[in-house]
A.B. asks: 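Below is the structure I would like to discuss, written out as structure tokens.
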Amino acid sequence: MECTVILLAGGQSSRMGTNKAFLQIDGETVISRIVREAERLGGEILLVTNQPEEYATLQLPHVSDIRKGMGPLAGLEAGLMASRTEHNLLLACDLPFFQAETGERLLMLLNQYELAIPQTDGRCHPLCAAYRKSLLPKVQKALDADQRRMATLLDAANAKLVEGEDPRVFFNMNTIQDYQWMKRIHKGEGHEISAD
Ligand SMILES: Nc1nc2c(ncn2[C@@H]2O[C@H](COP(=O)(O)OP(=O)(O)OP(=O)(O)O)[C@@H](O)[C@H]2O)c(=O)[nH]1
């Protein structure tokens with residue numbers, strides 16, 4: 001598919017206390033696992049990080065935030081600016097159960113919408129969602145107004161809220177408890193996931 005995966009790795013991981021992109025699952029880092037899934041989409045994978053040296057082993061093209069310290073929306077801005085495709089999938093670096101099939105379904109919706117954001121149990125997942133490059137001026141307008149919430153875009157654009165995806169795909173890890181829970185779920189020992 002003609003698309004770009006914009007992989008966000010510009011956060012602080014302060015709640016985790018260690019870079020969560022490099023937490024291990026079955027001997028593989030979370031970020032390598034996401035890259036492996038994202039490669040199945042067939043497009044370019046673009047890393048947005050302000051510490052590219054930490055991610056050198058991934059050998060991915062990368063850009064840095066233009067507005068530093070402004071959160072994921074600023075990461076989306078940098079990613080969309082550098083993207084060479086209209087269809088883009090934004091992914092956080094802490095999604096251990098991301099599946100390419102979900103990404104593909106979200107990207108397909110960009111034929112009709114400016115963005116496609118999954119929703120499970122009433123919660124939106126803008127950090128595993130599809131965005132047209134043409135959305136960039138609206139992203140910049142929000143940042144200019146110091147609006148950092150990704151949800152701002154839902155009101156500003158022709159957005160599709162996507163129901164029916166497996167909540168597990170959007171499970172993200174913020175704390176060491178999330179990580180331990182994820183490992184239990186992965187081994188089949190835990191209860192059902194509700195994505196946070
Ligand atoms: N490029 C970029 N990515 C960011 C930024 N802030 C967060 N992210 C990414 O957005 C995703 C979700 O991050 P969060 O868990 O909300 O924030 P975090 O800073 O990583 O973690 P905390 O310090 O615990 O809040 C992760 O992939 C982060 O790497 C930012 O300022 N720039």
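Both backbone and side-chain heavy atoms feed into the values below; hydrogens, waters and symmetry mates do not. When a ligand or atom number is given, it counts from 1 through the structure's own listing order.
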A.B. asks: Could you pull out all residues at least two apart from T85 that satisfy side-chain contact (heavy atoms from CB on, under 4.5 Å)?
C.D. replies: E2, T4, S83, N88
A.B. asks: Is there side-chain contact between M70 and D65, with at least one heavy-atom pair below 4.5 Å?
C.D. replies: no
A.B. asks: Considering non-hydrogen atoms of the protein only, which is the closest contact for atom 32 (N) of ligand 1, and what is the distance?
C.D. replies: D65 OD2, 2.6 Å
A.B. asks: How about Q59: does its CD atom have over 12 heavy atoms from other parts shown lying under 6.0 Å from it?
C.D. replies: no
A.B. asks: State whether the shortest distance between N or O atoms of S14 and N or O atoms of ligand 1 falls below 3.5 angstrom.
C.D. replies: yes
A.B. asks: Ligand 1 versus L127, non-hydrogen atoms closer than 4.0 Å: side chain, backbone, both, neither?
C.D. replies: side chain
A.B. asks: Could you grab the distance from atom CG of L91 to atom NE2 of H125, nearest 0.5 Å is fine?
C.D. replies: 13.5 Å
A.B. asks: Would you mind reporting whether Q112 and K160 have side-chain heavy atoms less than 4.5 Å apart?
C.D. replies: no
A.B. asks: Would you call H62 and L46 a side-chain contact if the rule is heavy atoms closer than 4.5 Å?
C.D. replies: no
A.B. asks: By number and element, which atoms of ligand 1 are closer than 4.0 Å to a non-hydrogen atom of V48?
C.D. replies: 1 (N)
A.B. asks: Do me a favour and list the nearest non-hydrogen protein atom to atom 7 (C) of ligand 1 with residue, atom name and distance?
C.D. replies: G11 CA, 3.5 Å
A.B. asks: Check for me whether A74 has a heavy atom closer than 4.0 Å to any atom of ligand 1.
C.D. replies: no
A.B. asks: In ligand 1, which numbered atoms sit nearer than 4.0 Å to a non-hydrogen atom of P72?
C.D. replies: 5 (C), 6 (N), 7 (C), 10 (O)
A.B. asks: Consider only side-chain heavy atoms of I, L, V, M, F, W and Y, link residues closer than 4.5 Å, and tell whether F171 and M150 are in one cluster.
C.D. replies: no
A.B. asks: Before signing off on this row, confirm whether A92 and ligand 1 have an N or O atom pair separated by under 3.5 Å.
C.D. replies: no
A.B. asks: What do you reckon, does M16 have a nitrogen or oxygen under 3.5 Å from a nitrogen or oxygen of ligand 1?
C.D. replies: no
A.B. asks: Is the centre of the F22 ring less than 6.0 Å from the centre of the Y55 ring?
C.D. replies: yes
A.B. asks: Heavy-atom contacts with Q12 under 4.0 Å: which atoms of ligand 1 show up? List them by number with element.
C.D. replies: 18 (P), 19 (O), 20 (O), 23 (O)
A.B. asks: Purely on distance, is any nitrogen or oxygen of G71 under 3.5 Å from one on ligand 1?
C.D. replies: yes
A.B. asks: Please work out, at 4.0 Å between heavy atoms, whether the side chain, the backbone, both, or neither of A9 comes within that distance of ligand 1.
C.D. replies: backbone
A.B. asks: Is it true that L115 and I6 fall in one hydrophobic cluster, defined by side-chain heavy atoms closer than 4.5 Å?
C.D. replies: yes
A.B. asks: Look at atom CZ of R40 and say whether more than 12 heavy atoms of other residues, nucleotides or ligands are closer to it than 6.0 Å.
C.D. replies: yes
A.B. asks: Considering only protein heavy atoms, which is closest to atom 16 (O) of ligand 1, and at what distance to one decimal place?
C.D. replies: R15 NH2, 3.8 Å
A.B. asks: Checking the N or O distance criterion of under 3.5 Å, is ligand 1 in contact with L91?
C.D. replies: no
A.B. asks: Checking contacts here: is it the side chain or the backbone of L8 that comes within 4.0 Å of ligand 1, counting heavy atoms only? Could be both or neither.
C.D. replies: both
A.B. asks: Would you mind telling me if ligand 1 is within reach of the side chain of K20, the backbone, both or neither, using heavy atoms under 4.0 Å?
C.D. replies: side chain
A.B. asks: If we count only N and O atoms by modelled type, under 3.5 Å, do the side chains of T49 and E54 hold a donor and an acceptor together?
C.D. replies: no
A.B. asks: For a quick check under 3.5 Å, do N172 and K20 share a side-chain donor-acceptor pair by atom type?
C.D. replies: no
A.B. asks: For G75, take its heavy atoms, then give the atoms of ligand 1 lying under 4.0 Å from any of them.
C.D. replies: 1 (N)
A.B. asks: Give the residue, atom name and distance (to 0.1 Å) of the protein heavy atom nearest atom 21 (O) of ligand 1.
C.D. replies: S13 N, 3.3 Å
A.B. asks: Quick one: look up the protein heavy atom nearest atom 3 (N) of ligand 1 and list residue, atom name and how far away it is.
C.D. replies: G10 N, 3.2 Å
A.B. asks: With a 4.0 Å heavy-atom cut-off (strictly under), which part of N174 contacts ligand 1: side chain, backbone, both or neither?
C.D. replies: side chain
